[in-house]
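Both ligands and their constituent atoms are indexed starting at 1 by order of listing. Just so you know, these numbers use all the heavy atoms, side chains as well, and skip hydrogens, waters and symmetry mates. Not measured: the values here are computed from a predicted model.
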Amino acid sequence: MVFDCHAHIASSKTLPISFVKGMVNNLVASMPKQLEKKQEEYLQKVIYQLMNHDDEGEMMIEEMNKAEISKSVLLIIDYGIVFPDDFPVLEEVFQLHRRVLEKYPDRFIVFSGIDPRRGKKGLDLFEKSIKEWRFKGLKLYPPCGFNPSDPIVFPFYEIAQKYQIPVLLHTGPTSPSLPFKYSAPELIDEAAYRFPKVNFILAHAAFMMHEQASILAEYRPNIYLDVSGFTNAIRMERFKSILLEHKKRGILNKVLFGTDWPIHRLNGNQKDLVEMFRTKAEEVLTSEEIENIMYNNIHKIIKPN
Ligand SMILES: [Zn+2]
């Protein structure tokens, strides 16, 4: 069985075009020839469409069934402060996720996503989503422009502590439409130190910027790492050596499987991603260690529906 701890609804209502434009610009810059404007726009359209056509989660359920993923965590990202012209009212995004959760309560878990600069309004929405809508965690996206250990975020960690729910934070590079300076794993250390009862999941950090992140996971009991974006490590031929390093550090039980659907869709469907991870991991880990990463570990820090 597989538990995907990092996924998103593929919907234009949740993913700003500004974010995708940055990704495409970066892709184009690495091509051997300058693309014509028309070609660039076409590429942008194709990539945007790949990520946006499943508002109700139906296609994702099909993908999960084929991949034998029993549950997926859907993460809300609040881009409303950084891309105000390009993102709906945040409450509408929450309602969209609420509908999907009501439709598939056994298959999805939802994490609230709020930019802490929303202040009291954001805090109230976060608490309501936990108390009334049974959301099970908080997703923070520091590249939107805040330090995850800034006191502005502390009231959100206090609520996470009160309800004993985990906080998942983006780490590492992202779309070049956003600054990268707040995405370093070390920036989460102070928050994790001040809130020892809150479990922090560092998104992508099992493979991206893993040098810093794995030290935090080794020495802080409340820091976990997710593997989403692992295809980059396969491409760089570093996948196996990094997994072995986690094993030597004794942190394999703090590593969580995630696909980051639909962001990594260009690398394959959900089934491809699951098979890719398992096949590569089998070369260096035991089946029990793989089962822990892909299914068991997340159950230590997440409450059942
Ligand atoms: Zn993600």
Joint hydrophobic cluster, Leu90 plus Ile152, side-chain heavy atoms closer than 4.5 Å
yes
Tell me whether the Zn ion (ligand 1) has His170 as a neighbour, meaning an N, O or S atom of it below 2.8 Å.
no
Derivation and outcome, side chain to side chain contact (heavy atoms under 4.5 Å, CB included), residues Tyr295 and Phe257
CA-CA 7 Å; Tyr295 189 76; Phe257 180 76; over 6 Å; no
How about Tyr141 and Thr174: does a side-chain donor come under 3.5 Å of a side-chain acceptor?
yes
Test: Lys128 and Asp124 ion pair at under 4.0 Å
no
Backbone or side chain, does His8 get an N/O/S atom under 2.8 Å to the Zn ion (ligand 1)?
yes
In degrees, rounded to 10 degrees, what angle do His6 atom NE2 and Asp260 atom OD1 make at the Zn ion (ligand 1)?
90°
